[in-house]
Structures are given as C-alpha cells and as structure tokens.
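See structure below.
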Amino acid sequence: MKLIHISDIHIHTEPILGNDPVANFKACMDHISRTNGDADLVIISGDLTHHGKASAYAALKKLLQNWTFSPLLMMGNHDNRENFLTAFPETETDRDGYIQYVRDTPAGRFLVLDTAEAGTHAGHFDIKRQSWLLEQLAKALNDGERVYLVMHHNPTEVGIANADNIGLRDGVAFRQILTEFRDNIEHIFFGHCHYVLSGSVCGIAFSAPCSTSHPCVPDFSGLDRMGYGDLSPTYNVCLLNEHSTVIHSIDFLLENTITWTGTNADGWVQDGTTDIKAN
C-alpha cells in the first residue's frame with residue numbers, strides 16, 4: 001500500500017515567514033498527482049489552517065474539490081474544530097465531539113487522533129480521548145487488524161526545546177497505552193515539528209514530514225527558538241506492507257533541479273548516456 005503523508009499546510013491568505021502556504025500546497029498536490037497518482041491513501045496531519053478561520057477552511061475545501069484524492073484530515077494546534085466541521089461536516093467525530101475516527105485500509109486500520117486543545121499550542125490527550133483510543137485498539141486486536149496511529153503532536157520528546165515545550169502534555173498516559181498495545185501498533189504518523197523526523201517510542205516506529213508551508217530546522221541549543229529560511233518543504237511517501245514500513249521524504253519544489261540519467265544492470269551510471277526524462 002502506498003500512503004502519502006502531508007502535514008502543517010497552514011492555509012492562509014498572507015505569506016508565512018516568507019513562504020506562500022497556498023502556492024506550496026498547490027505545488028505539493030500537483031507533484032503528488034503527477035508522480036504518485038497511484039497512492040492508495042493521503043493524510044494531512046493537522047494545522048490545516050494558520051488561524052483556524054472559517055474562510056481558510058472554505059479555501060482548503062475548494063482546493064481539495066478537484067483533486068483526485070480525498071485526504072484524511074485531522075486537527076492541529078492552529079485549527080478550530082467548529083469552523084472545520086462547518087466546512088467538512090462529513091468528517092466523523094467521537095462521542096465527545098473530538099475529531100477521532102477509524103479507516104480500514106489494505107495495510108491495516110488507521111486510527112486518526114485529535115490532540116488539539118483550544119487556547120494552547122501544546123498537545124492534549126485527556127481521559128475521554130484516551131478511552132476512545134483504548135476501545136479502538138482493543139477492537140482492532142480482537143478483529144485481527146494491525147494499527148497505524150495518525151496524530152498532529154509529537155508523541156514523545158524529540159530533543160528540541162521549541163517542539164518539546166509545545167509537545168504532548170499527556171505523554172505519560174499516552175505512552176502507557178502504547179506500551180500496552182505496542183505489539184499491534186505498526187507505526188505512528190505525526191507532524192507539528194515542521195522538519196523531517198523518524199525514530200521510535202515504546203518500541204513503535206514513528207515518522208513526520210516537513211511542513212509544506214514553512215519548514216524549520218532542528219535546533220539542539222536548548223533555547224526555545226525556531227529556525228527557518230530557504231528550506232525545501234516535503235511530503236512523505238510511505239510504502240506499507242506486512243513485512244516492512246518504508247518512508248521516503250520528497251522535496252517536491254526541487255523537481256526542476258533534478259537531472260535523470262540511465263544506469264546499467266548493476267546500478268551504475270552509464271558512461272556517455274543522455275539524460276532520461278521522467279514520465
């Protein structure tokens with residue numbers, strides 16, 4: 001199964017830190033359509049808009065209307081549930097009104113989590129949301145379905161002050177749940193940090209792409225600051241099967257800088273060959 005993972009698109013009418021979030025997202029969608037049109041599923045893991053405004057969700061809905069894909073959408077710290085649900089009323093919610101839902105796929109069962117909390121950029125996953133997740137994990141185990149978790153906030157500390165200061169506040173309880181079900185959770189997809197990340201928590205692998213809007217750089221100084229500049233946004237192509245999970249980071253704005261050349265049967269570049277254009 002081929003999964004496309006996009007995050008932190010921050011739809012907004014004005015530039016953000018020198019970047020045009022709408023133009024970048026359009027370029028991302030176009031690149032996916034041209035080079036990964038065979039994808040089985042697309043997810044956008046939160047921060048769909050920059051300020052959670054109704055007009056921004058309306059703009060996002062218009063952008064997605066003519067796209068081949070219907071992405072799984074979820075809440076980030078810049079989002080507003082009420083405004084989102086007004087624009088996307090078909091989106092499922094749990095019994096407590098959180099935007100949490102289930103999608104079955106050929107690779108396994110995706111559980112979309114809601115870690116947003118009004119009035120703070122930090123992530124929250126309170127007892128109500130924990131209860132929903134525990135129920136869904138138990139059901140997936142009973143159904144014999146492998147699980148993929150999708151969320152906005154980083155599920156553990158990543159060693160960067162700026163990210164960890166607004167990371168998941170209910171991390172201890174969340175990690176207890178992960179530990180209980182780690183043999184049945186295949187991977188965790190998230191965003192929030194705005195740079196490419198991979199690793200594991202409680203023995204479960206995780207990954208995150210850059211923001212398509214305004215990528216940042218990891219900073220190990222310990223200072224609460226954010227580094228940005230002339231950086232390339234990315235999305236991830238995730239290849240999921242029963243034996244492995246493979247993640248590729250795609251710098252979609254760099255396509256015009258790439259030269260393609262042929263290789264021989266051993267994988268070496270062929271001397272004297274002409275450039276090969278990608279389809």
Side-chain angles (χ1 to χ4, degrees), residues 3-9 41-49 52 71-82 84-85 88 90-105 107-118 120-141 143 145-158 163 166-182 184-193 197 199-202 204-209 236 238 240 245:
L3 165 72
I4 304 297
H5 181 191
I6 307 167
S7 198
D8 297 87
I9 61 177
L41 182 66
V42 176
I43 59 175
I44 306 178
S45 55
D47 279 2
L48 307 175
T49 68
L72 299 188
L73 305 175
M74 62 213 69
M75 293 293 92
N77 49 291
H78 282 258
D79 288 308
N80 178 289
R81 286 188 199 90
E82 183 177 336
F84 169 78
L85 288 171
F88 297 91
E90 69 281 4
T91 307
E92 298 171 47
T93 60
D94 68 12
R95 58 182 171 265
D96 297 300
Y98 292 110
I99 298 173
Q100 302 197 130
Y101 55 92
V102 178
R103 283 292 182 277
D104 284 329
T105 74
R109 183 165 295 174
F110 279 71
L111 302 183
V112 175
L113 308 184
D114 185 336
T115 58
E117 188 78 7
T120 177
H121 287 295
H124 289 263
F125 204 69
D126 58 26
I127 190 67
K128 292 179 179 179
R129 286 176 270 195
Q130 293 169 30
S131 176
W132 182 88
L133 177 58
L134 283 166
E135 290 176 12
Q136 296 303 326
L137 286 170
K139 187 175 188 301
L141 185 62
D143 293 343
E145 291 282 353
R146 296 286 287 167
V147 169
Y148 296 86
L149 299 182
V150 191
M151 58 198 295
H152 179 68
H153 289 83
N154 39 305
T156 189
E157 296 84 1
V158 298
I166 56 172
L168 193 63
R169 289 287 183 267
D170 305 295
V172 173
F174 187 72
R175 288 192 292 274
Q176 289 174 343
I177 295 173
L178 296 182
T179 299
E180 181 178 352
F181 288 93
R182 65 181 161 199
N184 202 48
I185 301 174
E186 188 68 28
H187 199 87
I188 302 172
F189 300 97
F190 66 95
H192 190 48
C193 298
L197 270 170
S200 66
V201 55
C202 301
I204 302 167
F206 63 67
S207 63
N236 284 353
C238 314
L240 317 178
T245 298

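The backbone N or O of Tyr98 lies less than 3.5 Å from no partner atom in the side chain of Asp96, so there is not a single donor-acceptor pair. Put simply, the side chain of Asn184 gets close to the backbone of Glu145: a donor and an acceptor are under 3.5 Å apart. Side-chain atoms of Thr120 do not come within 3.5 Å of backbone N or O of Glu117 as any donor-acceptor pair. Judged by distance alone, the side chain of Asn236 and the main-chain N or O of Cys238 form no donor-acceptor pair under 3.5 Å.
If you run side-chain hydrogen bond (donor to acceptor under 3.5 Å, both in side chains) between Asp114 and each of His124, Arg81, Gln100, only Arg81 comes through.
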As a quick check of understanding, evaluate side chain to side chain contact (heavy atoms under 4.5 Å, CB included) for Leu133 and Phe181, giving each step before the final call.
CA-CA 11 Å; Leu133 177 58; Phe181 288 93; over 6 Å; no
Would you sort out whether Thr93 and Leu85 count as a side chain to side chain contact (heavy atoms under 4.5 Å, CB included), showing the intermediate values?
CA-CA 9 Å; Thr93 60; Leu85 288 171; 4.0 Å; yes
Worksheet item: Yes or no on side chain to side chain contact (heavy atoms under 4.5 Å, CB included) for Glu92 and Val112, after CA distance, side-chain angles and deciding distance?
Response: CA-CA 10 Å; Glu92 298 171 47; Val112 175; over 6 Å; no
Between Asp47 and His152, does the side chain to side chain contact (heavy atoms under 4.5 Å, CB included) criterion hold? Intermediate values first, please.
CA-CA 8 Å; Asp47 279 2; His152 179 68; 3.4 Å; yes
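Gly52 approaches Asn80 most closely through the heavy-atom pair O-CB, 3.4 Å. When all heavy atoms are compared, the tightest approach of Ala116 to Gly76 is CB-O, 3.5 Å. Residues Gly46 and Asp79 approach most closely at C-OD2, 3.8 Å, considering heavy atoms. Counting all heavy atoms, side chain and backbone alike, Ser7 lies closest to Gly191 at OG-CA, 3.3 Å.
Under the side chain to side chain contact (heavy atoms under 4.5 Å, CB included) criterion, Thr245 pairs with Tyr148, Glu186, His187, Leu240, Ile247, not counting sequence neighbours.
Residues Val102 and Lys139 have side chains not in contact (no heavy-atom distance under 4.5 Å, counting atoms from C-beta outward). Residues Ile185 and Leu111 have side chains not in contact (no heavy-atom distance under 4.5 Å, counting atoms from C-beta outward). Between Tyr101 and Leu72 the shortest side-chain heavy-atom distance falls below 4.5 Å. Within the 4.5 Å cutoff, the side chain of Asp8 has no heavy atoms near those of the His78 side chain. Within the 4.5 Å cutoff, no side-chain heavy atoms of Phe206 are placed close to those of Asn154. No side-chain heavy atom of Leu149 sits under 4.5 Å from any side-chain heavy atom of Phe190.
Within 6.0 Å of atom CD in Glu82, 12 or fewer heavy atoms from other residues, nucleotides or ligands are found, so the atom counts as exposed in its surroundings.
Taking the six-membered ring for Trp and thresholds of 30 and 60 degrees, His5 and Phe189 have ring planes more than 60 degrees apart, a perpendicular arrangement.
To the nearest 0.5 Å, atom OG of residue Ser207 and atom CD1 of residue Ile188 are 9.5 Å apart. Distance check: Ile6 CD1 to Ile44 CD1 gives 4.5 Å after rounding to the nearest 0.5 Å. In this structure, Arg129 CZ and Ile99 CD1 are separated by 11.0 Å, a value rounded to the nearest 0.5 Å. Here Ser131 contributes atom OG and Gln136 contributes atom CD; the two are 10.0 Å apart, rounded to the nearest 0.5 Å. For the atom pair CG (Asn77) and OG1 (Thr115), the distance works out to 8.0 Å, reported to the nearest 0.5 Å. Atom NE2 of residue His192 and atom CD1 of residue Ile166 lie 3.5 Å apart, to the nearest 0.5 angstrom.
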Contacts under 3.5 angstrom, residues 170-178 side chains, donor-acceptor by atom type, not counting sequence neighbours:
| from | atom 1 | to | atom 2 | distance (Å) |
| --- | --- | --- | --- | --- |
| Asp170 | OD2 | Phe125 | N | 2.4 |

